[in-house]
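Scope of the values below: all heavy atoms of this structure, side chains included, with no hydrogens, waters or symmetry mates.
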Amino acid sequence: MPSIQLTDAAVKRLKTPTDADRVEYWDTKISGFGIRISSSGVRSWVMILRILKDGRWQQQRLTLGRYPGVALAEARAKAVEAKGQAEQGEDPGAAVRAKKEAKLEESRNTFAAVRDEFLVKYRGRQNRKPAPRTLAEVRRVLSGELFAGWNDRPLVKITRRDVLDVLDVLVERGAEVMANRTLAYLSMLFGWALNREIIVTDPTDNIKKPGSEQSRERVLTLDELRAIWRATEPTQASSGDLFTGIVRVLMLTGQRREEVGGMRWSELDLDAATWTLPVDRTKNKREHMVPLSAPVIEILQARKAEQGAMRLATDFVFTSGITRPGKDPRPFSGWSKSKDRLDGRADIARWTLHDLRRTLATRMAEDLRIPPHIIEATINHVSGARAGVAGTYNRALYLDERRQALGAWAGYVLRIVGAVEAENVVELPRQGQAG
């Protein structure tokens with residue numbers, strides 16, 4: 001085992017062995033430090049140490065990297081560090097192996113791999129899996145062309161600057177709302193990865209929304225309600241347009257879009273004028289009974305007659321029955337195109353179907369003076385009087401009060417749209433008045 005003073009020039013002059021598998025040259029300055037040259041020409045820095053293991057001192061050979069990728073000065077520094085660790089009773093080899101394993105783990109945890117795992121395992125509020133529609137939108141956004149360059153990168157290598165660059169592209173395109181949504185989805189992903197200890201810092205932390213967007217707290221005016229109602233008249237809507245019936249039921253009941261669109265005959269008791277939503281069809285996973293006002297019953301009876309005339313056997317209330325051969329009818333699904341057609345007829349400022357629900361709740365409180373806990377029970381919304389401990393012990397159904405509230409609301413709507421005379425509407429007594 002030859003010993004020489006290892007210098008840059010000396011290392012360059014060393015020859016590849018031709019009569020042995022390898023040869024090692026040991027440094028005269030640092031004991032145990034040297035370079036190994038194999039017959040194939042590979043040159044590796046090595047260090048021989050004595051470490052304390054299993055209660056006794058043992059010799060360990062440590063590889064510090066390959067030359068010329070690792071230069072002499074860097075190899076010496078690694079050798080000095082390893083020697084110091086060994087003298088402190090530590091195992092420098094374990095640290096090296098840990099670094100290698102961490103790099104291997106980084107290479108496995110690419111953005112694409114973690115994103116796909118996140119979409120399967122992520123749970124949101126109350127440890128619930130997001131709705132399929134939400135997951136599909138998250139997948140669509142995070143799998144888009146903006147993230148093509150991220151797919152093979154370790155998640156830990158994605159920086160705050162990378163996130164800001166993507167958001168800047170969207171803002172420059174004028175897609176400010178999408179920029180906000182993208183930031184929200186990235187925050188969900190990185191927050192989940194941080195909790196799983198896949199990363200140690202969240203690059204989206206404290207990044208402000210990059211774009212502006214209109215408030216979603218939109219309450220429709222009476223003129224707007226009137227315009228929407230008139231746009232759903234049979235003379236305005238195309239024949240057999242399921243969407244117009246859905247919109248009127250949404251307006252009159254205040255229930256959620258998917259709940260009304262997926263309404264089933266098996267959930268309805270038209271004689272008792274009730275609609276019972278099972279737990280798997282409600283957002284808060286609570287069974288919910290909706291008292292049905294006379295105008296809603298009229299819509300449903302007309303729908304039943306239409307299905308009878310079509311000889312359509314289905315449990316879905318709002319379905320055209322048109323589907324692939326051999327498949328059962330499916331619930332209504334043409335939301336976007338139908339909403340666009342309705343908007344063209346109504347000709348009002350931008351609005352959403354959810355605004356009908358918010359408008360019912362707001363005007364019930366402000367115009368009809370219905371108590372908040374009755375409104376929350378009516379629309380199956382858990383907050384305020386029905387949230388937390390109060391919600392746990394306040395299980396009253398308020399069925400009679402809800403029936404009165406929805407009846408009064410139906411009368412209110414029919415009056416403002418001009419469907420009935422004002423004197424034909426019975427209103428709820430206001431707070432403090434005798435019944």
Side-chain angles (χ1 to χ4, degrees), residues 228-229 232-234 237 239-283 286-323 328-334 338 353 356-357 360-361 364 368 370 374-375 377-381 396-415 417 419-420 424-428:
I228 294 169
W229 184 272
T232 59
E233 291 287 353
S239 177
D241 188 348
L242 301 173
F243 187 66
T244 58
I246 291 174
V247 171
R248 287 194 172 188
V249 173
L250 288 170
M251 185 183 292
L252 292 167
T253 66
Q255 305 311 304
R256 294 180 174 89
R257 188 187 86 165
E258 297 299 332
E259 294 168 351
V260 173
M263 183 186 287
R264 293 156 171 79
W265 293 113
S266 56
E267 298 169 351
L268 295 166
D269 185 340
L270 298 185
D271 293 333
T274 56
W275 169 28
T276 304
L277 280 156
V279 294
D280 61 345
R281 288 241 301 123
T282 62
K283 184 176 181 180
R286 295 185 180 187
E287 184 180 272
H288 178 49
M289 181 177 287
V290 183
L292 301 176
S293 61
V296 176
I297 293 291
E298 184 177 339
I299 294 169
L300 298 177
Q301 287 175 335
R303 184 70 197 128
K304 198 172 190 67
E306 289 173 9
Q307 289 187 355
M310 296 169 60
R311 296 183 180 179
L312 180 60
T314 175
D315 194 31
F316 293 113
V317 175
F318 297 104
T319 178
S320 65
I322 300 173
T323 185
D328 293 332
R330 291 178 293 185
F332 180 82
S333 60
S338 297
L353 293 175
L356 296 172
R357 176 177 168 87
L360 175 145
M364 270 189 172
L368 301 181
I370 295 172
I374 301 301
I375 297 173
T378 299
I379 63 175
N380 199 21
H381 183 239
L397 294 176
Y398 305 115
L399 281 175
D400 290 340
E401 293 89 343
R402 285 192 282 148
R403 187 175 295 281
Q404 291 176 16
L406 284 171
W409 171 250
Y412 177 90
V413 170
L414 294 180
R415 185 175 71 247
V417 302
V420 297
N424 293 333
V425 177
V426 178
E427 295 189 9
L428 285 177

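Within the model, atoms CG of Leu353 and CD1 of Ile228 stand 8.5 Å from one another, a figure rounded to the nearest 0.5 Å. Interatomic distance, CG of Leu277 versus NZ of Lys283, reported as 14.5 Å (0.5 Å rounding). Between Leu250 atom CG and Leu360 atom CG the span is 10.5 Å, to the nearest 0.5 Å. Met364 CE to Ile374 CD1: the interatomic distance, rounded to the nearest 0.5 Å, is 10.0 Å. Summarising the geometry, atom NZ belonging to Lys304 is positioned 11.0 Å from atom CD1 belonging to Ile297; distances are rounded to the nearest 0.5 Å. In this structure, CE in Met251 is found 6.5 Å from OG1 in Thr232, a value given to the nearest 0.5 Å.
At least one side-chain heavy atom of Arg402 sits less than 4.5 Å from a side-chain heavy atom of Leu399. In this structure, Trp229 and Leu414 have side chains that are in contact, with non-hydrogen atoms separated by less than 4.5 Å. Side chains of Arg303 and Leu242 form a contact here, defined as non-hydrogen atoms less than 4.5 Å apart. At a threshold of 4.5 Å between non-hydrogen side-chain atoms, the residues Met263 and Val249 count as touching. Contact check for Val290 versus Leu406: side-chain heavy atoms found under the 4.5 Å cut-off. The closest side-chain heavy-atom distance from Val296 to Leu300 is below 4.5 Å. The closest side-chain heavy-atom distance from Arg403 to Thr274 is below 4.5 Å.
Phe318 and Val260 get closest at one heavy-atom pair: CD1-O, 3.4 Å. A pairwise comparison of heavy atoms in Ser293 and Gly407 identifies CB-CA, 4.4 Å as the closest pair. Between Thr282 and Glu259, the shortest heavy-atom contact is CA-OE2, 3.7 Å. In terms of heavy atoms, Trp409 sits closest to Leu252 at CD1-O, 3.4 Å. Minimum heavy-atom separation, Ala361 to Ile379: CB-CD1, 4.2 Å. Residues Leu312 and Thr319 approach most closely at CD2-O, 3.9 Å, considering heavy atoms.
Qualifying ring-ring contact (aromatic ring centres under 6.0 Å, His included) partners for Phe316, counting only residues two or more places apart in sequence or in other chains: none.
Across Glu287, Glu267, His288, a single residue satisfies side chain to side chain donor-acceptor pair (under 3.5 Å) together with Arg281, and that is Glu267.
With hydrogens and angles left out, the side-chain atoms of Trp265 and Gln307 include a donor and acceptor closer than 3.5 Å.
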